[in-house]
Amino acid sequence: MNIIPYGKQFISEEDLNSVNEVLKSEFLTQGPSISEFEKNFSEYIGCKYSIAVSNGTAALHLCALALNVNEQSNVITTPITFAASANCIRYCNGNIWFVDIDPETYTIDINKLQSLIESKPKGFFSGVIPVDFAGYAVNLEKVKKLAEKHGLWIIEDACHAPGGFFVNSSNEKAFCGNGKYADLAIFSFHPVKHIACGEGGMITTNDEFLYRKLLLLRTHGITKDPALLKENVGGWYYEMQELGYNYRLTDFQAALGISQLKRADKGIVRRREIASTYKCFFESKQYILSQSGIVEGHAYHLYIIQVENRKGLYDYLKANNIFCQVHYIPVHTMPYYKNLGFVKGSWPISENYYDHCLSLPMFPTLTKEEQDFVIKTIDEYYQN
Ligand SMILES: Cc1ncc(COP(=O)(O)O)c(C=O)c1O
């Protein structure tokens, strides 16, 4: 049996043709593939505006800049996420606050979020970054109610959840990143994610002001748009109006994204099948403390089990060529965050989750034989 990773990309002939065509065209960057990808992505997600960027971390950084995060800003996220969800606030010298996760969903505990917000004077917190962790869509309707009451903005970190949704109080599917509840949402196109561009990211929003600001910040703060220039002295003229960055995506990456997006829904269907197989097998097993399970609207970037002796299982699987992963080491326990004063033990549910969690292989091209082998090997470990 070949190595079975926890996640990997699938590149089709159509993807290759799509990239090839752009490589032979006039534009390798700043060309028409970018706006085509943005338009298609907006349609898929159900938002008004999309801004393609170089990766998910750049997307987070631009969001923090667009929302004017600075050293006075206090922003909340959860410890069970990739460090970038918190780092973006630190890039702008803001202060991070953590709220523990809900042990059932592994996403931010909204009751604890409310308690933290209400423990401080109004205006203390600037914003919150809920993470649709593993593909589980956070109920942003509830988060939005809190955010509105206390004047917070929301950046939805939807890197794990394009195509995911929760069902809102009007019984509608509220798709991740659709801009109905969050001011801004971000996605990543790293190869292990649903849509692979190599590196790549997207910001989505329904807010035209933020959209325009993000366009400017993505490309050095420079504009050539005659409608925006303070003066216009000739065809060559441009102005740098803000301190921006070069966080652009290339056109050939966008071409790959356009092609991959066409099969995004098919990928989710397959991910849900894989999840269902794991769930059915593991639900009767004593050694499983908890698992992702079957949740309506889950996008299943990851399928997570919690077990005793996780390290033993991880090593045993690895010895059998099954490369699982741990998502995530709680952000507040990282040396950088410890140096900022965060103390281990402060978010016990996240820490307990981390002690037991393991992400199993989950990607659309995982074969039935491979999944059966993963399941059999896990079971074997606990039977011996
Ligand atoms: C939850 C989350 N946020 C942000 C990022 C950053 O995305 P990228 O790797 O594209 O910079 C990732 C990527 O792993 C992620 O999983």
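Because only heavy atoms are used, hydrogens play no part in the values below, and waters and symmetry mates are left out as well, while side chains stay in. Whatever order the structure lists them in is the order used to number ligands and atoms, beginning at 1. On a predicted model such as this, the values are computed, not experimentally measured, just so you know.
Taking any N or O of His190, backbone or side chain, none lies under 3.5 Å from an N or O belonging to ligand 1. By the 3.5 Å distance cut-off applied to N or O atoms, Asp157 is counted among the residues near ligand 1. Checked by distance only, ligand 1 and Gly56 come closer than 3.5 Å through their nitrogen or oxygen atoms.
Scanning the protein for heavy atoms near atom 16 (O) of ligand 1, the closest one is His160 NE2, 2.8 Å. Closest protein heavy atom to atom 9 (O) of ligand 1: Ser188 OG, 4.0 Å. Considering only non-hydrogen protein atoms, atom 6 (C) of ligand 1 sits nearest to Thr57 OG1, 3.4 Å. Nearest to atom 12 (C) of ligand 1 among the protein's heavy atoms is Phe82 CD2, 3.6 Å.
With sequence neighbours excluded, the residues forming a ring-ring contact (aromatic ring centres under 6.0 Å, His included) with Phe41 are Phe187, Phe189, listed by chain and number.
Atoms of ligand 1 lying under 4.0 Å from any heavy atom of Asn55, numbered from 1 in the order shown and given with element: 10 (O), 11 (O). Numbered from 1 in the order shown, with element, the atoms of ligand 1 that lie under 4.0 Å from a heavy atom of Tyr328 read 16 (O). Residue-ligand proximity, Thr81 to ligand 1, at heavy-atom distances under 4.0 Å covers atoms 1 (C).
With atom 4 (C) of ligand 1 as the reference point, the heavy atom nearest to it among Gly201, Cys159, Pro191 is part of Cys159.
Ligand 1 has at least one atom lying under 4.0 Å from a heavy atom of Lys193. Contact annotation: Phe187 has no heavy atom less than 4.0 Å from any atom of ligand 1.
Electrostatic pairing of Lys39 and Glu36 does not count as a salt bridge here, judged by no charged N lying under 4.0 Å from a carboxylate O.
In terms of modelled atom types and a separation under 3.5 Å, the side chain of Asn320 and the main chain of Ile322 share no donor-acceptor contact.
Nearest approach of Met362 to His301, heavy atoms of both residues: CG-O, 3.7 Å.
With a 4.5 Å cut-off on side-chain heavy atoms, His220 and Asn246 count as touching.
The aromatic rings of Phe124 and Trp97 lie perpendicular to each other, with more than 60° between the two planes, well past the 30° mark.
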Quick one: side chains of residues 98-108, donor-acceptor pairs under 3.5 Å with protein atoms, not counting sequence neighbours, listed by atom name and distance.
from   : atom 1 : to     : atom 2 : distance (Å)
Asp100 : OD1    : Ser350 : N      : 2.8
Asp100 : OD1    : Ser350 : OG     : 2.6
Asp100 : OD2    : Ile349 : N      : 3.0
Asp102 : OD1    : Glu104 : N      : 2.7
Thr105 : OG1    : Thr107 : N      : 3.1
Thr105 : OG1    : Thr107 : OG1    : 2.8
Tyr106 : OH     : Ser290 : OG     : 2.6

> Which is it for Tyr381 and Asn309 under the side-chain hydrogen bond (donor to acceptor under 3.5 Å, both in side chains) test, yes or no, and what are the steps along the way?
Replying inline: CA-CA 10 Å; Tyr381 176 74; Asn309 194 8; 2.5 Å; yes

>> Go through it in stages, so that I can follow the logic: the residues are Ile305 and Cys357, the test is side chain to side chain contact (heavy atoms under 4.5 Å, CB included), and I'd like the CA-CA distance, side-chain angles, deciding distance and then a yes or no.
In response: CA-CA 6 Å; Ile305 55 172; Cys357 67; over 6 Å; no

